[in-house]
Amino acid sequence: MQASEVRRATAAAMATAASLGLTADDAIVLNNSNKLALRLLPCDVLARVAPVENQALAFEIDMARRLAEAGSPVASLDPRVEPRVHERDGFAITLWTYYSPATPDEIPPAGYAKALERLHAGMRTIDVPAPHFTDRVEQAQLLLADRDRSPELPDADRELLTDTLRNMSRAISERGGAGDQLLHGEPHPGNLLATREGPLFIDLETCCRGPVEFDLAHAPEAAGPHYAGADQELLRECRALMWAMVTAWRWDRNDQLPDGRRLGVEWLGQVRAAIGRDELDARG
């Protein structure tokens with residue numbers, strides 16, 4: 001969000017909390033991209049704020065409630081208020097439990113894998129409509145095909161990303177979808193909190209369907225061998241696909257991720273590394 005939007009969104013979140021009986025005299029910006037994450041004080045609530053047309057927040061609340069009931073490791077909504085989307089001044093606002101970091105250290109690979117296994121187990125008990133992961137691949141392909149939307153992407157890199165999305169998506173789909181299930185969609189380290197209650201996943205609005213290896217590809221590479229039953233060859237293909245997708249989105253002229261263009265350049269190297277590794281594995 002732009003600075004003027006951040007001010008309005010912050011004021012809307014604080015006013016919403018106050019109207020619900022929570023004392024919110026101050027707000028700390030924790031993250032600012034397509035949504036704004038705020039820590040409201042002294043009530044110590046995490047407020048997530050997005051333009052009111054963002055309908056994913058209601059889905060996220062429903063998923064968080066269902067997964068919590070299934071015993072999955074997900075962040076909880078604030079128990080002091082009704083679990084729903086609040087609207088004020090053109091913004092949609094949801095209120096969550098704020099978790100103080102348990103440790104500055106990263107979650108160890110084995111712990112990461114076990115948390116993801118538990119999340120997937122809970123998701124297998126839930127029946128909700130969700131797009132297939134290939135729908136997300138198609139969105140990235142459409143972006144790359146539209147030079148007006150990605151004008152600064154060099155032609156050689158556009159070809160690299162386009163070929164990787166096509167080839168990896170085909171390779172994964174040819175394995176069949178018998179093992180497809182509901183997934184988080186983007187369980188990268190930024191969406192897994194280290195808390196005193198253990199690792200907890202956030203940002204559930206990205207749910208999709210596909211093999212568990214698609215989710216595992218977003219985790220640190222060292223977590224892969226610790227996920228029980230994961231197909232390591234499929235995981236390598238999913239990781240190459242994942243890098244190509246997230247890199248493509250960084251070249252969207254309307255991308256709102258902070259420092260996104262620098263990351264887009266850096267992640268092109270990750271795509272090349274993943275493709276090079278797959279080619280070596282194929283030769284071996």
Side-chain angles (χ1 to χ4, degrees), residues 1-6 31-37 50-51 53-56 130-174 183-191 203 205-211 213-221 224 234-282:
M1 294 185 185
Q2 300 299 318
S4 59
E5 291 181 299
V6 170
N31 186 53
N32 177 21
S33 56
N34 60 325
K35 291 183 293 297
L36 187 68
E53 60 269 19
N54 187 334
Q55 298 301 314
H132 197 259
F133 81 93
T134 51
D135 295 335
R136 302 183 64 188
V137 175
E138 183 179 1
Q139 292 173 4
Q141 289 172 320
L142 290 173
L143 169 64
L144 294 173
D146 189 342
R147 293 177 183 274
D148 289 337
R149 291 181 59 195
S150 52
E152 297 182 34
L153 180 61
D155 288 344
D157 295 330
R158 189 185 304 275
E159 183 178 0
L160 168 69
L161 294 174
T162 299
D163 289 348
T164 302
L165 289 172
R166 181 183 62 251
N167 295 338
M168 292 301 104
S169 181
R170 179 189 299 139
I172 295 165
S173 297
E174 285 176 352
L183 304 173
H184 180 289
E186 293 185 358
H188 54 70
N191 284 336
D203 282 6
E205 72 272 18
T206 56
C207 288
C208 62
R209 298 194 67 84
E213 287 82 1
F214 180 82
D215 260 2
L216 189 55
H218 292 75
E221 192 165 347
L234 177 57
L235 175 56
R236 285 193 295 271
E237 294 169 343
C238 286
R239 187 171 289 117
L241 178 70
M242 178 275 295
W243 279 121
M245 281 196 304
V246 299
T247 302
W249 292 331
R250 300 292 72 81
W251 291 93
D252 187 340
R253 66 188 306 167
N254 296 318
D255 182 43
Q256 297 181 339
L257 186 71
D259 211 15
R261 186 51 45 82
R262 180 190 65 79
L263 292 172
V265 173
E266 178 183 321
W267 291 349
L268 282 166
Q270 295 285 358
V271 176
R272 293 187 183 95
I275 295 303
R277 187 160 51 241
D278 282 344
E279 291 175 350
L280 289 173
D281 290 341

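All values below were derived from every heavy atom in this structure, side-chain atoms included, with hydrogens, water molecules and symmetry-related copies excluded.
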Flag, side chain of Thr206 to backbone of His184, donor-acceptor distance under 3.5 Å: yes

Looking at every non-hydrogen atom in both residues, tell me the closest pair between Ile275 and Ala240 and how far apart they are. CD1-CB, 4.1 Å

Asn32: what forms a side-chain contact (heavy atoms from CB on, under 4.5 Å) with it, not counting sequence neighbours? Met1, Val6, Val29, Leu36

Does any part of the side chain of Arg272, heavy atoms only, come nearer than 4.5 Å to the side chain of Asp157, both counted from C-beta? yes

Suppose we screen for side-chain contact (heavy atoms from CB on, under 4.5 Å). Which residues come up paired with Ala171, at least two apart in sequence or across chains? Glu237

Contact check, side chains of Thr162 and Glu159, non-hydrogen atoms, under 4.5 Å: no

Closest contact, heavy atoms only, Cys207 versus Pro131: O-CD, 3.7 Å

Checking the side chain of Asn31 only, and the main-chain atoms of Ala37 only, is there a donor and an acceptor separated by less than 3.5 Å? no

With sequence neighbours left out, what residues match Ser169 under side chain to side chain donor-acceptor pair (under 3.5 Å)? none

Do Thr247 and Gln270 have side-chain heavy atoms sitting under 4.5 Å apart? no

So, does Arg250 use its side chain to make a donor-acceptor pair with the main chain of Val265 at under 3.5 Å? no

Do any N or O atoms from the side chain of Ser150 and from the backbone of Leu143 form a donor-acceptor pair under 3.5 angstrom? yes

Taking salt bridge (Lys or Arg N to Asp or Glu O under 4.0 Å) as the test, write out the residues that go with Glu152, two or more places apart. Arg261

Which atom names give the shortest non-hydrogen contact between His132 and Gly210, and what distance separates them? NE2-CA, 4.3 Å

Residues passing the side-chain contact (heavy atoms from CB on, under 4.5 Å) test with His188, sequence neighbours excluded, are Glu186, Asn191, His218

Residues passing the salt bridge (Lys or Arg N to Asp or Glu O under 4.0 Å) test with Asp163, sequence neighbours excluded, are Arg166

Quick one: CE on Met168 to CG on Leu234, what's the gap to the nearest 0.5 Å? 11.0 Å

Does Leu144 offer a backbone N or O that forms a donor-acceptor pair with the side chain of Arg158 under 3.5 Å? yes

Pairing residues for Ala217 by the side-chain contact (heavy atoms from CB on, under 4.5 Å) criterion, not counting sequence neighbours: Leu235, Cys238, Arg239, Met242

Is the backbone of Met245 close enough, under 3.5 Å, to the side chain of Arg136 for a donor and an acceptor to pair up by distance? no

Those residues that, when tested against Arg209, pass side chain to side chain donor-acceptor pair (under 3.5 Å) (two or more places apart): none

Using ring-ring contact (aromatic ring centres under 6.0 Å, His included) as the criterion, list what pairs up with Phe133, not counting sequence neighbours. Phe214

Residues in salt bridge (Lys or Arg N to Asp or Glu O under 4.0 Å) with Asp259, at least two apart? Arg262

Locate the shortest heavy-atom distance separating Ile172 from Pro211; write the atom from each residue and the value. CG2-CG, 4.4 Å

Partners of Arg170 by salt bridge (Lys or Arg N to Asp or Glu O under 4.0 Å), sequence neighbours excluded? none

Please list all pairs meeting ring pair (Phe, Tyr, Trp, His ring centres under 6.0 Å) that have one or both residues in residues 256-275, counting only residues at least two apart or in different chains. Trp243-Trp267

